[in-house]
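Just so you know, ligand 1 is whichever comes first in the structure, and atom 1 is the first atom listed for that ligand. Source: prediction; values computed, not measured.
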Amino acid sequence: MNLKKILEDDLYLALDGQVERKDITINSPKEREMGDYAVPCFNLSKILRKNPNIIAEQIKGKLNNEWYQNIEVINGYLNIFINKIRFTKYIMEKVLKEKEAYGNCDIGKGKIIVIDYSSPNIAKPFGVGHLRSTVIGNALKNICEKNGYKVVGINYLGDFGTQFGKLIYAYKTWGNEEAVRKNPIAELKKLYVQFHEEAALDEKLNDQGRLYFKKLEDGDEECVKLWKWFKEASLLEFQKTYDLLGIKSFDSYDGESFYNDKMGEVLDKLEAKNLLELSEGAYIVRLEDETPALIKRSDGATLYITRDLAAALYRKKHYHFDEALYVVGNEQTLHFNQLKAVLEKMGYDWYEDIHHISFGLILQNGKKMSTRHGKSVELQDLLNEAITLASDYIENRDMTREEKRQASREIGVGAVIFNDLKNYRTNDIEFNLEDILKFEGETGPYIQYTYARINSLLKKQKNMKIDYNSLAINQYLWNIVFRIYNFDEIIIKSKMTYDPSLIAKYLIDLCQDFNRYYANERFITDDEIATGGRLLIAQTVSLVLKEGMRLLGITMPNKM
Ligand code: ARG
């Protein structure tokens, strides 16, 4: 149901077709003491050449719908008050019946979206840089599904490129099988660093790196075997991080290597369309508004963008997507502009369906986050730190050891995810473990805490009676009801703008609405009916909070 739409229809009818729909304005004031909707009549006054107050009075005389309780005319405005009891009953019954399906919408019915997200690089640590892609991508996946789209989640692993030549050479020269088996990522990283140190002293090592990469590309048995092993070991390590984040699996792990044998087709097509230009021994595609795209290097090696072109063609053909999202940092904006521009030149009109979902950096004290030794921070360490701090906070709670263990994990990880999602994604975000773990303010734990408190309230009362007609609807409660009503609007908007922060902010607002209501009401009294009404409202709020957090990829502890 759409109240605004109902009102618009009624206004249109009341005006007897003397104006067009687009001439009717309906405002939704933030503070609703002056009405739930306000209709300014100044524009209508110009069209109808009548005083706005007179128009407002005339409309008022004709508006007649059980959803309106009261209509006031003030200063050229028509202020509409919704029938609170009737509407509250409608919203609460709907939420309690639909539960987690509340807010589901079908704008995406029959449509397919592929989301390329997370996409860490093999044989390198999973750093905080990939946290944002993982968390934003996962939330967008949930949000698109909530809107009725079919979503394909793709982890486009960085599993190819000259660095593997270097790694294979390093392993064959200095590596130790036992050590790599025990601790793959750390060992491989060590070897990679050693390669670069030695290469700084002896240039010729880089030729070795290229040579081994060429061997790998050509399918040399030993190289392929090592590469596969490195890849599998890395993936197992990454899965530990995904497990911590609560991400089960991706629909596809086709990474860069998957496109190794699919680039010839791209080159052929570019050739056939006369788009390839030879420039200093390399092949480029010239673009109108962007730097030319370098497609093939002078030594014959293909590049990142060439693989992405192959991937885009493959995904279109294979998944028939209506939209393709790439959740990748701001620093790759040029790359995605080039990708789209080349596809456009190739004559694929679906280049417009490709969206680079960019995001900013994670900063610590205003600087790019790094460890004390200046190295990049590993995500697993960071998450574990958050979990440890959360467990300190709930140490003295009346909970079993297992409950505490589970809750610390949900709170610690939830805090990190929420902090990432609460700001508009292209902004850089500041990371301070203590701030993000506070139980009040705009944090994940604040929402979880509100939820857990509602849970404990609900446990106190088993039989909830409700009589909607006797519900005392004050402004606090009315704000909650209207907020809950607006949930689906937020769901649709967050899909349209690819912006999970709208949901994060909405959940903070809903918690604040509820906590204000709670602070101003004696919640549990001897009056069973009044108590039942309040508890059912609390339950409605908790259902929406839980579902909203699920969309962000955050689970809720029952107790904390
Ligand atoms: N592995 C890349 C990186 O870490 C990100 C890949 C993003 N996806 C893509 N289709 N280019 O920079």
Got a sec, which pairs hit ring-ring contact (aromatic ring centres under 6.0 Å, His included) with one end in residues 410-437, sequence neighbours left out? none
Does any pair with a residue in residues 130-149 pass ring-ring contact (aromatic ring centres under 6.0 Å, His included), and if so which ones, sequence neighbours excluded? none
Between I113 and K150, does a side chain to side chain contact (heavy atoms under 4.5 Å, CB included) hold up when you go through it step by step? CA-CA 6 Å; I113 298 189; K150 181 177 180 303; over 6 Å; no
Give a yes or no on whether the ring-centroid distance for F230 and F164 is below 6.0 angstrom. no
For the residue pair Y242 / S118, report whether a side-chain donor-acceptor contact shorter than 3.5 Å exists. yes
Test of understanding: with side chain to side chain donor-acceptor pair (under 3.5 Å), list the residues that count as partners of N330, not counting sequence neighbours. S358
Under a 4.0 Å heavy-atom cut-off, what residues line ligand 1? D116, S119, N121, H130, Y156, Y304, D308, Y326, V328, Q332, F336
